[in-house]
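Order of the sequence lines sets the chain letters (A, B, ...), proteins ahead of strands, with each chain counted from 1.
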Amino acid sequence: MKLEIKGLKAKIEDTPILNGIDLTMESGQIHALMGPNGSGKSTLSNVIFGHPSYEVTGGEILVDGENILEMETHERARLGLFMAFQYPVEIPGVTVGRFLKRAAEIRFGEEDFKAAAFIKELRSWLDFMNMDQNFINRYLNEGFSGGEKKRMEVLQMLMLKPSFAVMDETDSGLDIDALRIVANGLNELRGDAFGAMVITHYQRILDYIKPDFVHIMYKGTIVTSGGRELVETLEERGYDWVRKQHGIEEEEEEVVHEH
Amino acid sequence: MSTSQKEHLYEGTGALSDYIQNQDDPSWLRDLRTAALTRFTVEQWPTTELEEWRRTDLTSYDFDRYALRDSGSTDGSVSLPDDASALIRFENGVCVGFALSAEAESAGLVVASLRDAARGAYGSDMAEIVQQKAEPVLREYLENADNKLQLWNFAALTHGTFVYLPENTRLKDPIYIENSVEDDEAVLAPYHVIVAEHLVDAMIVQTLSGAEEGEVLVNEGIGVTIGEESHVRFMAVQNLNIDSTYFCFGNGSIQKDGDLQHYLCNFGGMLSKSRFDCTLDGPGSLVRLNGLYFPFQDQQMDMRTVQHHRAPHAESRTYYKGAVRDEAHAIYQGLIEVAPNATKTDAYLTNKNLVMNDGARSDSIPTLQINTDDVRCSHGSSTGKLDFLQLHYLKSRGYSPIEAEETLLMGFFEDIIDKAPERLQNELRDLVSRRVYEAHDDDE
Ligand SMILES: Nc1ncnc2c1ncn2[C@@H]1O[C@H](COP(=O)(O)OP(=O)(O)OP(=O)(O)O)[C@@H](O)[C@H]1O
Ligand SMILES: [Mg+2]
């Protein structure tokens, strides 16, 4: 799967948040997206999934050449896109088992769906994620701790095997063991048929994941992209370094306007 | 249904007197019915001036339009499913048979057609038990009847069930009472009596369903008494077609340390009005009244619960949940009433509504009447829409918008549905699901 984001602009209510994002990602690649709080990382992920609170004001998002901005959220998901939410919602009264069974049926087709194989696989991924088997019968995310919610997102990703996943701060709020498990989960899927954009504030998870590309977002644009070395520079010099570089650009633009 | 049963015994409510005289009831039952009729004749139909009827206007209702059929007598038989202690089935008010498991029978359980049992169709011993156990319940119900519909139910009494659970009866599987109606412009007036002695543990599932076509009026009465330390769960599912009318007045009385859980799952009827009035008569008694309702199109459902505390240290919980869609209107009125001697009462009532679209309405009217100190009583109600973030989450996993809606509704009702026996759980989920999809079909 090839995901191309071209000149994407979006606003929430009347506030512009994304100011022209260009990014091309593919299955087989792991991208890391970093950036200070409020720079628009979650907005970008939400716009990819057609979240109703955001309005796209320009640009396009292509999946294998097809513009998905016209599609409804579930149609985008059915292409093989997956999002691990930064703040997964609680769904009372709907058990994890029932919820995931339907999601798997949708993903892999009702004809090919085998309930026994599904349960077996679910049980083994629960073990892998170091989660109790009784999560199957619990209501989705209800009363889960912050870390359990994050693991549940990864568990779903492992079950649904997306072609491309967006993981929004899945590592935030995780203890060190959980962090390793989440990274292992992603590494399990890694291969030609799987790609991901991993949004994070921390180098720690990237040490386990080893992304192929790193992008830095600042005030709604991608200000710089590179390889893994970018993470280290950022870790050493902080966003001040980004700000300085970006700040200069802004001033130059303003000078141009004055003429 | 045979043609003879289709004959109109008489048309409308005016000829009830002849009708009662023509029934082969024992004299005690005939006397009760005649007493009901006497009051019925002078009573007016409820008007919207009464608080309970403020939102359900019957003034333009033509009750004489509905004919009373000959209720006939028992014939045929039913086979008992594996997961049932007993089953009794009525079709158009005719008892088509009943069956009990060997275990239930040896425990002394009685499940029979009320009127057939009362007139001695199953022997004089049974007739005696009915008189001894059912008459006081019926008499009290009649004494407390406060509206013409209840009196009509009693005078017209087409059929009913007598469930008697002797001391120490503990049933593994539920008792099923099935009522189905396939008729037009007909009235049915069933009354179900459930008497549980001490130390009983049982579940009763009562279903009322109708053919897709045909207008019927079902005016039902229910009387339940729960003995000391008995636990009874009573689930009622009402699924008449939406051209029909449903009235239901239920009374429950709970003795010391007894426990009654009542569930009303309300789906059918263009108009329905129900009331379940529970009296906590014994110290330490417990009542839980649960409701699930989902009106759509232009259905109106008016439901009332009463938690009537008459003894100290008793606890009651009402938990009514509903969704309304299209032009439907749901009304829930809940009353907690605490008598002066009912100290240490712990009572709560909750009503939650999901309004699915503009044009659908739900009214929630809780009332507390507390006549003593030293109680814990409160209520909470909420009315809202489906959460768009939850919908979005499900869609992000590939759920279509309608599936997402269905899933959230199912989740909303789950804590009521999961109290039902498995077979009924599937039926209830199916009813909820059909309502989601039917409403969408109509949009298109
Ligand atoms: N409902 C809203 N109304 C107004 N502004 C909003 C709303 N939701 C988000 N924003 C703003 O949009 C901007 C981008 O938010 P976004 O959540 O995309 O940032 P982020 O990069 O994911 O930050 P973080 O690292 O803290 O998760 C922020 O300034 C935020 O305050
Ligand atoms: Mg964010």
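With a 6.0 Å radius and a threshold of 12 heavy atoms from other residues, nucleotides or ligands, Q133(A) has its CD atom above the threshold. Other residues, nucleotides and ligands place no more than 12 heavy atoms under 6.0 Å from the CG atom of D192(A). Counting non-hydrogen atoms of other residues, nucleotides and ligands closer than 6.0 Å to NZ of K419(B) gives a total above 12.
The shortest heavy-atom contact between Y139(A) and D418(B) is OH-OD2, 3.6 Å.
Inter-residue side-chain proximity for S53(A) and F388(B) is flagged as met; some heavy-atom pair is nearer than 4.5 Å. Using a 4.5 Å cut-off on side-chain heavy atoms (C-beta onward), I106(A) and E403(B) make contact.
Sorted by first and then second residue, the pairs that involve residues 349-363 of chain B and meet salt bridge (charged side-chain N to carboxylate O under 4.0 Å, His left out), not counting sequence neighbours, are R55(B)-D363(B), R361(B)-D363(B).
When heavy atoms are compared at a cutoff of 4.5 Å, P162(A) does not approach chain B at all. For L79(A), no part lies near chain B; criterion is any non-hydrogen pair under 4.5 Å. With a 4.5 angstrom heavy-atom cutoff, R107(A) does not touch chain B via any of its atoms. Using a 4.5 Å cut-off between heavy atoms, E105(A) does not touch chain B at all. Interface residue E72(A): only side-chain heavy atoms are found under 4.5 Å from chain B. Using a 4.5 Å cut-off between heavy atoms, R102(A) contacts chain B through both its backbone and its side chain.
The residue among E153(A), E75(A), R76(A) with the most heavy atom pairs within less than 4.5 Å of chain B is E153(A). Chosen from T95(A), L100(A), V89(A), the residue pairing most often with chain B at heavy-atom distances under 4.5 Å is V89(A). Among A103(A), P92(A), G93(A), the residue with the largest count of heavy-atom pairs under 4.5 Å with chain B is G93(A).
Using non-hydrogen atoms only and a strict 4.5 Å limit, the part of residues 389-398 of chain B facing chain A consists of L389(B), Q390(B), H392(B), Y393(B), L394(B), K395(B), S396(B), R397(B), G398(B).
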